[in-house]
Protein chains: 2
Amino acid sequence: MELGPIDRLSDRPPFRQIADHLRAAIDAGQLRPGDRLPSEAELKQHYGVARMTARQAIQELRSEGQVVAEHGRGVFVRQVPPVRRLASDRFARAHREAGKAAFLAEAEKSGFHPSVDQIEVTRTEAPAAVRERLRLDSGLVLSRSRRYFADDRPVELAVSYLPLAIAEGTAIAENNTGPGGLYARLEDAGHTLDRFVEEVTARMPTTEERRRLELQAGVPVLVVIRTAYDTAGTPVEVCSTVKAAPAFVLEYDFKAR
Amino acid sequence: MELGPIDRLSDRPPFRQIADHLRAAIDAGQLRPGDRLPSEAELKQHYGVARMTARQAIQELRSEGQVVAEHGRGVFVRQVPPVRRLASDRFARAHREAGKAAFLAEAEKSGFHPSVDQIEVTRTEAPAAVRERLRLDSGLVLSRSRRYFADDRPVELAVSYLPLAIAEGTAIAENNTGPGGLYARLEDAGHTLDRFVEEVTARMPTTEERRRLELQAGVPVLVVIRTAYDTAGTPVEVCSTVKAAPAFVLEYDFKAR
DNA sequence: CAGTGGTCTAGACCACTAA
DNA sequence: TAGTGGTCTAGACCACTGA
């Protein structure tokens, strides 16, 4: 690990130059994922700056999500966690007929151990964005909230909203929706699924999301809002998910019409 | 704007408590988009802390992307820029036949003024990820790099890679690809487009990307890698795009098979 | 225990903005 | 010019980690 000197005459402030050096070392592979960066004391010594200046350089890399600080241990180049691919065939009827919900089917394909917790089923007033997508003027909806894990790491928060008229009295309103999951129960109830629309955005997580997904600072989330339509063209479910961005690649396949 | 006092006995450090207060004020609508936060001097006065402590509180909100600092003016609640919806029919042949490239067709639909700059056409060795998707063992590719604007705001960086065997000698190798864009030229050359696969991820931008997209700190990017296949099932183009996340909603429509 | 990062203080000088 | 944020210094005490 060789770091050059900083240029005190440059317009670029010292802390940025130090950040540049460290970033370059990471890009060049001199610092590999999991490696420890020079400590604040070492940077202070090497560059002849105050400790707060060294800290500021590190802060820059942290907010870029390039490194992770561990109290008492050091600052480390981020380990890239295994990525989960979500292909657009993840809602294939074949899976449901085999009794597998989408997340379980994915787990099997990608080879991770799936689990769910924080399941909450409530009847609430639908948020405006949900009402709009479900084409409801007003009224209550059933909301199913849960958190998904891949190998004991929380990776996704999801909330499904369904019109009460559709969900009430079915297993969708139970904690356990049974084999094939929510979509299998919708089809049991006569709502054969025809198409999905997913709206994908990214943003920084709220404090609450960061806590529930155990995200380091500087890690964005993918937000996917999926609307499911039955063969009559009626929207029957809106599912809003917040996913830890580093853990996912969403794959979509479409025809050139 | 009323901010309560901090609890010096709490485990939660003062700068976090101050950040909590400001965040709550934003969430509650007491501070609306565009509003100025209390200045560092005011926070210092109000809470009885050192300036660096007040700064650290503001830094927290900045890294969350909630506020934007403007040198000499103040710190402001982020204004949400208008969003561009990208539907999966954006590559419809009808557009190409009307002489419109995808970005132009989008612009027309969403009502913004489109422009492009930093067009660079080069012959380079393809990155491994591109080679893999183009099913090339080795060899040069044509790369078309450019930056897209919506109403004079840079919103997207894009690089297309095509096998030289396909692109060489066509207008794809020119700065101006002509009416209908690159995909129209591919079809002229006998590569009728059949399907696209898009892989979507999100991450924090590199310094270079932040500069070219003029992004504030704490704003993530959407990364979309699109592979275009012709009717023979041959991958003919890989397009890698980096989009300013707050400016986009990607929309995908797929059948429940 | 020594070494690490986390937080805080009380100053300083600078560059930018707007009146 | 006064007020804003940007950067830097040189200390301090703390909590966490690992030998």
Side-chain angles (χ1 to χ4, degrees), chain A residues 1 5-22 31 34-78 210 216-218, chain B residues 1 5-22 31 34-63 65-78 207 210-211 214 216-218:
Chain A
M1 262 299 304
I6 57 175
D7 176 4
R8 289 242 99 135
L9 303 176
S10 164
D11 274 351
R12 196 156 179 81
F15 85 89
R16 281 192 196 283
Q17 294 186 45
I18 298 173
D20 290 345
H21 289 175
L22 294 171
L31 286 171
D35 283 359
R36 214 201 76 189
L37 266 59
S39 73
E40 295 173 358
E42 285 164 348
L43 292 175
K44 175 182 157 174
Q45 172 68 25
H46 177 83
Y47 289 109
V49 296
R51 184 180 160 211
M52 287 304 295
T53 305
R55 264 186 85 73
Q56 208 175 347
I58 291 172
Q59 173 55 39
E60 181 151 298
L61 299 182
R62 290 178 61 181
S63 81
E64 290 170 8
Q66 302 238 40
V67 301
V68 175
E70 295 185 34
H71 195 169
R73 302 214 321 126
V75 178
F76 301 84
V77 180
R78 189 186 292 282
R210 212 160 75 191
Q216 297 280 351
Chain B
M1 262 299 304
I6 57 175
D7 175 4
R8 284 277 170 178
L9 302 177
S10 164
D11 273 351
R12 197 158 177 79
F15 85 90
R16 282 193 196 284
Q17 294 186 46
I18 298 173
D20 290 344
H21 289 175
L22 294 170
L31 286 170
D35 284 358
R36 214 200 77 189
L37 266 59
S39 73
E40 294 173 358
E42 285 164 347
L43 291 175
K44 174 180 156 174
Q45 171 68 24
H46 176 83
Y47 289 108
V49 296
R51 184 181 161 213
M52 286 305 293
T53 304
R55 263 187 86 73
Q56 208 176 347
I58 291 171
Q59 174 55 39
E60 179 150 298
L61 298 181
R62 290 178 61 181
S63 81
Q66 301 241 38
V67 302
V68 175
E70 294 185 33
H71 197 170
R73 300 216 320 128
V75 178
F76 301 84
V77 181
R78 187 187 294 282
T207 311
R210 211 160 77 192
R211 190 180 56 71
E214 294 169 20
Q216 296 283 349

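Here the structure is a predicted model, which means the values were calculated and not measured. Residue numbers start from 1 in every chain, and the chains themselves are labelled A, B, ... in the order their sequence lines are given, proteins ahead of strands.
Taking atom CD on B:Q45 and atom P on D:dT4, their separation rounds to 12 Å, with Å as the unit.
Rounding to the nearest 0.5 Å places OG of B:S10 at 11.0 Å from CZ of B:R8. Atom CG of B:L61 and atom CG of B:L22 lie 5.5 Å apart (nearest 0.5 Å). Once rounded to the nearest 0.5 Å, the distance linking OH of B:Y47 with NE2 of B:H21 reads 5.0 Å. We find the CD1-CD1 distance between B:I18 and B:I6 to be 5.0 Å, quoted to the nearest 0.5 Å.
Here chain A contacts DNA chain C (any atom closer than 4.0 Å to a heavy atom, that is under 4.0 Å), and the contacts span C:dG3 to C:dC8 from 5' to 3'.
At the phosphate of D:dG3, neither OP1 nor OP2 sits under 4.0 Å from any side-chain N or O atom of B:S39.
Applying the side chain to side chain contact (heavy atoms under 4.5 Å, CB included) rule to A:R51 yields the partners A:E40, A:K44, A:R55; only residues at least two apart in sequence or on another chain are considered. Listed by chain and number, the residues in a side chain to side chain contact (heavy atoms under 4.5 Å, CB included) with B:R62 are B:I58, B:Q59, B:V67, B:A69 (sequence neighbours excluded).
Only A:R51, A:M52, A:R55, listed by number, bring a heavy atom of residues 48-55 of chain A to less than 4.0 angstrom from any atom of DNA chain C. DNA chain D is contacted by A:R8, A:P13, A:P14, A:F15, A:R16 of residues 7-20 of chain A, taking any non-hydrogen atom closer than 4.0 Å. For DNA chain D, the residues of residues 61-72 of chain A within the heavy-atom distance limit of 4.0 Å (strictly under) are A:H71, A:G72, sorted by number.
A heavy-atom distance below 4.5 Å is not found between the side chains of B:R78 and B:Q66. A heavy-atom distance below 4.5 Å is not found between the side chains of A:H46 and A:P38. Contact check for B:V68 versus B:V77: no side-chain heavy atoms found under the 4.5 Å cut-off. Inter-residue side-chain proximity for A:Q56 and A:R16 is flagged as unmet; no heavy-atom pair is nearer than 4.5 Å. Looking only at side-chain heavy atoms (C-beta outward), B:L43 and B:V49 stay at 4.5 Å or farther from each other.
Heavy atoms of other residues, nucleotides or ligands lying less than 6.0 angstrom from CD of A:E42 number more than 12.
Under 4.0 Å is where a charged nitrogen must lie from a carboxylate oxygen, and between B:D7 and B:R12 no such pair does.
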